[in-house]
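Note sheet for the following structure.
Bear in mind that the values here come from a model prediction, so they are computed numbers and not experimental data.
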Amino acid sequence: QLNWALHDSYIDWELYAVDDGCPHGSGKIANEILKEHEQGNKVKILFLDESLPTDSGPLMNLESANDSRKGGAIILGCNEAINNVCDAIIYTDADNSVHLGQVGLLLRSYQDKGYHVVLGDRKHPDAVLVKQEDRWGIGIKLLRHMQRMVGERIFSSNIRDTQAAFKLYESKLLKKIIEQPSVFDFSFDSDWIAAVIAMDEPFDKVPFAFIDSFEESASITQGPMTTWETLLLGLVKSVRARELPHNEEMAKVLEEEIHSSKDLDLLINHLPSQLEEAGDTDFGNPEIMSPNEVQEWIRKRKAT
């Protein structure tokens, strides 16, 4: 895909794939494939567990690959690219939900418009999104409401798709962002965006095509509420560490009430009356449903 998109251009590329402790040995399988692939010299396979533990660099607070969920692997790949003096870094998931022939969408904002941060946006009217949204229950409204209260500074910047696995960062800026990561899990996307906002760095958003690979989705493998637990509690860590304005009352409710994904399992198939008519623009507004009301609802569901 990259060779097709960048063929006959002045842009050189390298691909870094990271095995984050895959029980199936995907890194070794990838290395075997590369031996026979005509573009094999353009790809480097990294193993997260071989880089840990370390007493320096952005992974110094990560003890093992078992303590990482995606974030540590992405940081390792990006750090390798930075050390190899790449000008800009694009990251994506390994499930082919994003065709990398679309990299020009990101590069145009970087090269022509001068943005050092370009965020892929699946919520944009011009985006193409094929996704089984019914994987969530009706309680997803409450989860998004809580998320946007805690991440109010992010979402008030009109960033609706924090988790899109299609983003570009200029390498020198990214080096600063990952000097002290707040998290090493699925919430790393929001942590990096929080850093961008805290640094007052301009960013651009671009629509792109995304075809969800339902069977290959990590959220399906590990359970969707495990992912949401990580996203919500990780967001609390990030906004505090990056010193972004946020609804601290809501953050405390999450810490007090959400102790595992099982607590979210109790919420996902039920919806409080305050949010029944709520739309996307209502999420995060405490006047629609306050943190105190959210806490009362959570406790009610736990008692049921």
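R299 and E257 are joined by a salt bridge, as a carboxylate oxygen and a charged side-chain nitrogen come within less than 4.0 angstrom of each other. A salt bridge links R122 with D161: at least one charged nitrogen is closer than 4.0 Å to a carboxylate oxygen.
Hydrophobic clustering (side-chain heavy atoms under 4.5 Å, transitive across Ile, Leu, Val, Met, Phe, Trp, Tyr) keeps I178 apart from M60.
Using a 3.5 Å distance cut-off with no hydrogens or angles, the side chains of H246 and R153 do not pair a donor with an acceptor. For the residue pair S97/D95, the side-chain donor-acceptor check at 3.5 Å is satisfied.
Taking CG of D87 as the start and CD of Q111 as the end, the distance is 9.0 Å to the nearest 0.5 Å. Note that CD of Q102 and CD of Q1 are 9.0 Å apart. Values are rounded to the nearest 0.5 Å. Atom CD of residue Q163 and atom NZ of residue K70 lie 7.5 Å apart, to the nearest 0.5 angstrom. Atom CG of residue D20 and atom OG of residue S26 lie 7.0 Å apart, to the nearest 0.5 angstrom. Annotation: the span from L254 atom CG to Q147 atom CD amounts to 10.0 Å, rounded to 0.5 Å. To the nearest 0.5 Å, atom CZ of residue F47 and atom CG of residue N31 are 5.0 Å apart.
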| Would Y110 and Y115 count as a ring-ring contact (aromatic ring centres under 6.0 Å, His included) if you check the C-alpha gap in whole Å, the side-chain angles of each, and the deciding distance to 0.1 Å? | CA-CA 5 Å; Y110 167 69; Y115 286 99; over 10 Å; no

| F210 vs V128, side chain to side chain contact (heavy atoms under 4.5 Å, CB included): CA-CA, chis, key distance, verdict | CA-CA 6 Å; F210 179 94; V128 176; over 6 Å; no

| task | Decide yes or no on side chain to side chain donor-acceptor pair (under 3.5 Å) for D185 and S187, but give the supporting numbers first. | result | CA-CA 5 Å; D185 52 36; S187 61; 2.5 Å; yes

| Full working for salt bridge (charged side-chain N to carboxylate O under 4.0 Å, His left out) between K113 and D204 | CA-CA 9 Å; K113 299 181 181 179; D204 197 15; 3.7 Å; yes

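Taking the centre and axis of the six-membered ring of F186, the NZ or CZ atom of R69 falls outside the cone set by 45° and 6.0 Å. The cationic group of R148 does not satisfy the cation-pi geometry with F283, failing either the under 6.0 Å distance to the six-membered ring centre or the 45° limit from the ring axis. The cationic atom of K42 (NZ for Lys, CZ for Arg) lies less than 6.0 Å from the six-membered ring centre of W13 and within 45° of the ring axis.
Looking only at side-chain heavy atoms (C-beta outward), Y16 and N84 come within less than 4.5 Å of each other. P291 is listed as a side-chain neighbour of N247, based on a closest heavy-atom distance under 4.5 Å.
A pairwise comparison of heavy atoms in E293 and I288 identifies OE1-O, 4.3 Å as the closest pair. Looking at every heavy atom in both residues, A30 comes nearest to I45 through CB-CD1, 3.7 Å. Heavy-atom minimum distance, V239 versus G151: CG1-CA, 4.5 Å. The two residues V196 and I177 come nearest to each other via the heavy atoms CG2-CD1, 3.8 Å. Shown here for H24 and I29, the closest heavy-atom pair between the two residues is O-CD1, 3.7 Å. The minimum heavy-atom distance linking L100 with A5 is given by the pair O-CB, 4.3 Å.
Between W192 and Y169, the ring-plane angle classifies as perpendicular under the 30° and 60° cut-offs.
Other residues, nucleotides and ligands place no more than 12 heavy atoms under 6.0 Å from the CD atom of E63.
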